[in-house]
Amino acid sequence: MKLSHIEHIGIAVKSLEAAIPYYENMLGLKCYAVEEITEQKVKTAFFKVGQTKIELLESTDPEGPIGKFIEKKGEGVHHIAFATEGGIQNSLDELESKGVQLIDKSPRKGAEGLNIAFLHPKSTIGVLTELCEDPNKVNC
Ligand code: ZN
C-alpha cells in the first residue's frame, strides 16, 4: 500500500455558483473545470493548489449522497482523496484483507477520468476516504 499525495479534498457546498467566488476572489485560486457526474448526483468544480485539488461538490438531487450529507451535517469537508501507487485494486484488496470496510470493492470512474473507490468512514475513524488512480499513469 503506497499513497503518493493528497489528490484532492472534497467539500460539500449548497451552490457552486455561491462558493466559486470565495475560492477565486478570496483565496486567489482559479476554477479550471466544472463537471457533472450524473451517477453520483453531483456537479463538481475543481481548483488546483500545487498538485492537490479542491473539489467542490454541489448536489443535483436532495436524495443523492451530497444532498443527504448537507442535510445532516451542513456544508463543509466531505472527503479526502489519496492518490495510490501500484494499482488501486491492489490497495483495496490489501485494505479489505486487513479488515477495512470498503464502500467500493473495485474502482469506478470518478471526475476527471480517475479510477476511484471509497472506504467506509466506520473503518477510517470518521473521515470518508477516497483512493484515486490516474489510469494514464498506472504502473502496476
Ligand atoms: Zn473525490
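What's counted below: heavy atoms across the whole structure, side chains too, no hydrogens, waters or symmetry copies. Atoms within a ligand are numbered from 1 in the order they appear, just like the ligands themselves.
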[X] atom (N/O/S) at minimal separation from the Zn ion (ligand 1):
{"X": "Glu130", "answer": "OE1"}
{"X": "His8", "answer": "NE2"}
{"X": "His79", "answer": "NE2"}

Is the Zn ion (ligand 1) less than 2.8 Å from an N/O/S atom of [X], whether that atom is in the backbone or a side chain?
{"X": "Glu55", "answer": "yes"}
{"X": "Cys132", "answer": "no"}
{"X": "His78", "answer": "no"}

Is the closest side-chain heavy-atom distance between [X] and [Y] below 4.5 Å?
{"X": "Leu57", "Y": "His78", "value": "yes"}
{"X": "Glu36", "Y": "Thr60", "value": "yes"}
{"X": "Ile37", "Y": "Glu39", "value": "yes"}

Review point. Looking at Phe47, is Lys53 sitting on its ring face, NZ or CZ under 6.0 Å from the six-membered ring centre and within 45 degrees of the normal?
Key: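 Pair Lys53/Phe47 does not count as cation-pi.
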Check your understanding: Once the angle between the rings of His79 and Phe118 is folded into 0 to 90°, is it parallel (under 30°), tilted (30 to 60°) or perpendicular (over 60°)?
Key ->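 Ring orientation, 0 to 90° scale: perpendicular.
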